[in-house]
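For the single chain, residues carry numbers from 1 onward in sequence order. Numbering of ligands and ligand atoms starts at 1, following listing order.
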Amino acid sequence: MANVTVIGAQWGDEGKGKIVDWLASRADAVVRFQGGHNAGHTLVVGDQVYKLSLLPSGIVTGTLSIIGNGVVLDPWALKAEVEKLTAQGVEINPDNFALADNCPLILPLHRDLDGLREAAAGTGKIGTTGRGIGPAYEDKVGRRAIRVCDLAHLDTLGSQLDRLCAHHDALRAGFGQPPVDRDALVAELREIAPFVLQFAQVVWKRLQTVRKAGARVLFEGAQGVLLDVDHGTYPFVTSSNTVSGTASAGSGLGPAATGFVLGIVKAYTTRVGSGPFPTELTDATGQKLGERGHEFGTVTGRKRRCGWFDAVLVRQSCAISGVTGIALTKLDVLDGFEKVRICTGYRLRGKVLDYFPSYAGDQAEVEPIYEEMDGWHGTTAGARSWADLPAQAIKYIQRVQELIETPVALVSTSPERDDTILVRDPFLD
Ligand code: IMP
């Protein structure tokens, strides 16, 4: 049995949605294992466009979709997304959607705190999605979180709520905000509880059953390795581990189940929010990449920062996440460029580095060392075989593969599901 774990190998927005959708149509279960509704996956199927933030991509094809314990769950965002998709004709019920009963909740007080901190941070803003993700993870590791299973016991939450509210009241007071309205919070939870609880299950057990039956499991990562709380551009990161290893801890299926690790890699680089970005282009070329790539955030609508492909960062991500093969996306955005550049190393105070350093000061200071290649005439958009690609585009892919020391498994050439060149099928590997 081959399972597949999909992760972003840059700063998110690599085009995971389409690849996951393509794989989900052949999987028996799709599992989200980290992040929350800060993610944004766009699926284009025929003339329908589905925008998902929280639900696993398998939901659109009716595949068993699971939200694992590693996700932080905003119950109101879940309800809104389920209602939106249902209105688009997608069937969602406890048979095809399971939610881990040990999943921690994102509450309105987490959203408040996210906003208050960002507003107070001035130039030190992380540029979060404002969804309360960081504060919710803090409460999880601080052992104060309210979890999905607690929704069935709201009358006896007493001391747990006390601890949570005492913690937040102290923080809110520091921001000159009134304390948490505890009664209103409990009333809101009471109202949403039946909706959430209908999907709540012992997910690790359901996954065991699925696995014993020989099912193919697809683990769907959100964000990207460079936003990982340990391995990313700290502190400009999200608050979860986005690396492939989290697929296991965030779902309750052992590490051997991770299977083929497919790293999604955009043919150039983008980033939303603040933080270091060595190959960022603030000139007309960056503008052109952004316009041609429609680089606006799915969740927040923010303009993404754009730059050349950074092979150092992607090589690092692939190593840290044990990537078996990559899916290269959005190659067509580079169509028609006279010259294209790839970052192959950094210069830092006279020294050459072949990795991205940990210290934030060094991360901000490194200068990219570029290799320049001829661009290609003609289009790669819609290509479905190597023969459809201009020779120079193939050279670019080969050079990328060489520099990141990881083979290309797929090339995606448009948002359409079938516009894909398959080199190596992750499920059959
Ligand atoms: P948070 O996850 O909302 O706390 O945001 C922390 C950082 O991660 C910010 O720079 C966000 O822009 C970034 N981020 C969070 N989710 C995504 C995503 O799905 N795609 C790209 N960037 C993201």
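The N/O atoms of T128, backbone and side chain alike, include none that comes under 3.5 Å of an N/O atom in ligand 1. For a threshold of 3.5 Å applied to N or O pairs, the pair formed by R131 and ligand 1 contains no separation below that value. Not a single N or O atom of R271, backbone or side chain, sits closer than 3.5 Å to an N or O atom of ligand 1. Between S239 and ligand 1, a contact under 3.5 Å exists for no N or O pair.
Nearest to atom 20 (N) of ligand 1 among the protein's heavy atoms is D13 OD1, 3.2 Å. With hydrogens left out, the protein atom closest to atom 9 (C) of ligand 1 is G127 O, 3.2 Å, a heavy atom. With hydrogens left out, the protein atom closest to atom 12 (O) of ligand 1 is R302 NH2, 3.0 Å, a heavy atom. Closest to atom 7 (C) of ligand 1 among all protein heavy atoms lies V237 O, 3.8 Å. If you check which protein heavy atom lies closest to atom 8 (O) of ligand 1, you get L227 CD2, 3.7 Å.
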Quiz item: Can you list the steps and then say if Y346 with F356 is a ring pair (Phe, Tyr, Trp, His ring centres under 6.0 Å)?
Solution: CA-CA 8 Å; Y346 302 123; F356 200 49; 5.5 Å; yes
Exercise. Check the pair E372 / R341 against salt bridge (charged side-chain N to carboxylate O under 4.0 Å, His left out), numbers first and verdict last.
Key: CA-CA 4 Å; E372 192 168 78; R341 292 177 140 201; 3.3 Å; yes
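Taking a cutoff of 4.0 Å between a charged side-chain nitrogen and a carboxylate oxygen, R292 and D332 do not qualify as a salt bridge. Salt-bridge annotation for E402 and R399: present, with a side-chain N of the basic residue lying under 4.0 Å from a carboxylate O of the acidic one.
With ligand atoms numbered from 1 in the order given, ligand 1 contributes 10 (O), 12 (O), 21 (C), 22 (N) to contacts under 4.0 Å with heavy atoms of V272.
T329 and K18 share no donor-acceptor pair across their side chains, judged by distance under 3.5 Å alone. For the residue pair N38 / Q223, a side-chain donor-acceptor distance below 3.5 Å is found, with atom types taken as modelled.
Aromatic ring orientation, W308 versus F337: perpendicular (interplanar angle above 60°, classes split at 30° and 60°).
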